**Q** 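Pasting in a structure now, in structure tokens, and then I'll have a few things to ask.
These numbers come from the heavy atoms of this one structure, side chains and all, not from hydrogens, waters or symmetry mates. Remember, it's a predicted structure, so these values are computed and weren't measured experimentally.
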Amino acid sequence: LPEFGWELLRERIDTVVILMMENRSFDHYFGARKLEEGDSRIDGLTADMSNPHPGGYDVTPFLSETFCLPDPPHGWTSCHDQFNDGANDGFVKEYYPHNPNGAEEAMGYWSRETLSTLWTLADHYTLCDQWFSSVMSSTWPNRFYSLCGQNGGYQGNDFPDESFPSILTMAAEAGYDWSTYYNNLPFVILLPDVAINDDTFRSFDDFQADAEAGRLPPITIVEPVYGRDDDHPPTHPVAGQVFMALVYDILSKSPQWERTLFIITYDEHGGFFDHVP
């Protein structure tokens, strides 16, 4: 940040709130801002992009009408086959064995009508179109990277057999409190160096109470209801929009809001097309 400066950043922000959702690519959720709305600032979808279908024809990006999909593959091997040395032409082919009657949906996208929360936030705040997952693989390796800067070298959803420090532990040692506010389960409990205690693992109801009281810790992690409104297929994308709108509404009414950085991101692409290699 050469022009803005870290010191000015520290003066303006003392609370960082992170909400990591599940399994959607940038083009799948935001690419239509360029394709449909003509926003040239966005490195998004264009009409001439395509992926070959095993049936012998090409599939171009299209507005999806199927809200609840079978989960596309997004493990290590599938991701690398989708990437295909940078051609990014393997998304439909990899989805086909899992959804032969709907493999085209790997090229489907959603627009403003469905993703009203995210698109409205993008209208008024910052949208990052060059922000990629750390590992070309599934959920756990990427969530470990987001919280630890590493994942122990694992390629899939495996428990680490060695301990490595998380950003949360290092922050606590430096004097910065943190909490994870969760619904049905906290992913943070899987971190090798974190143990449950009453101060750091709190319910989503506590999140609303703490935000209203202005006592959110400097590092705040919010976790969705996994399997219900986390955006992971086959969950309905509107459920995620409702949850993100709720989190935003709670934060925007907090006395901490003016000094808060709220980050919404995704762990990985979930098997949906993205054109950027």
**Q** Can you name the closest pair of heavy atoms from H269 and C79 and give their distance?
**A** CE1-SG, 3.3 Å
**Q** Can you measure from CZ (F62) to CG (L35) and round to the nearest 0.5 angstrom?
**A** 12.5 Å
**Q** Determine the minimum heavy-atom distance between S25 and F273, stating which atoms define it.
**A** OG-O, 2.7 Å
**Q** Is the shortest side-chain N to carboxylate O distance from R259 to D14 below 4.0 Å?
**A** yes
**Q** Centres of the H236 and F67 rings: under 6.0 Å?
**A** yes
**Q** Do the ring planes of Y266 and Y29 sit parallel (below 30°), tilted (30 to 60°) or perpendicular (above 60°)?
**A** perpendicular
**Q** So which heavy atom on P224 is nearest to which on N183, and how close?
**A** C-ND2, 3.7 Å
**Q** Just by modelled atom types, is the S203 backbone N or O under 3.5 Å from a matching donor or acceptor in the D206 side chain?
**A** yes
**Q** Please check if atom OH in Y176 has more than 12 non-hydrogen atoms from other residues, nucleotides or ligands closer than 6.0 Å.
**A** no
**Q** Tell me whether the rings of W119 and F30 are parallel (<30°), tilted (30 to 60°) or perpendicular (>60°).
**A** parallel
**Q** Can you measure from CD (E36) to CD (E113) and round to the nearest 0.5 angstrom?
**A** 9.5 Å
**Q** What residues form a ring-ring contact (aromatic ring centres under 6.0 Å, His included) with Y182, not counting sequence neighbours?
**A** none
**Q** Hey, is OH on Y96 packed in by over 12 heavy atoms from elsewhere, all under 6.0 Å?
**A** no
**Q** After noting the C-alpha distance and the side-chain angles of H98 and D71, does the key distance pass the side-chain contact (heavy atoms from CB on, under 4.5 Å) rule?
**A** CA-CA 8 Å; H98 302 265; D71 192 21; over 6 Å; no
**Q** Would you call R112 and D123 a salt bridge, using N to O less than 4.0 angstrom?
**A** yes
**Q** Take S116 and Q241 through the side-chain hydrogen bond (donor to acceptor under 3.5 Å, both in side chains) test and state the conclusion after the steps.
**A** CA-CA 7 Å; S116 56; Q241 300 302 297; 5.0 Å; no
**Q** Do we get R143 above F187's six-membered ring, with its NZ or CZ under 6.0 Å from the centre and within 45° of the axis?
**A** yes
**Q** Using a 3.5 Å distance criterion without hydrogens, assess whether the side chain of T114 forms a donor-acceptor pair with backbone atoms of S111.
**A** no
**Q** Does any N or O in the side chain of N157 come within less than 3.5 Å of the main-chain N or O of W140, such that one atom is a donor and the other an acceptor?
**A** yes
**Q** Using every non-hydrogen atom in the two residues, find where D193 and S166 come nearest and quote the distance to one decimal.
**A** OD2-N, 2.8 Å
**Q** The criterion is salt bridge (charged side-chain N to carboxylate O under 4.0 Å, His left out); which residues satisfy it with D231, sequence neighbours excluded?
**A** none
**Q** Pair L147, I167 - check side-chain contact (heavy atoms from CB on, under 4.5 Å), show working.
**A** CA-CA 6 Å; L147 296 166; I167 293 170; 5.8 Å; no
**Q** Considering all heavy atoms of both residues, which atom of K34 and which atom of I42 are nearest to each other, and what is their separation?
**A** CD-O, 3.2 Å
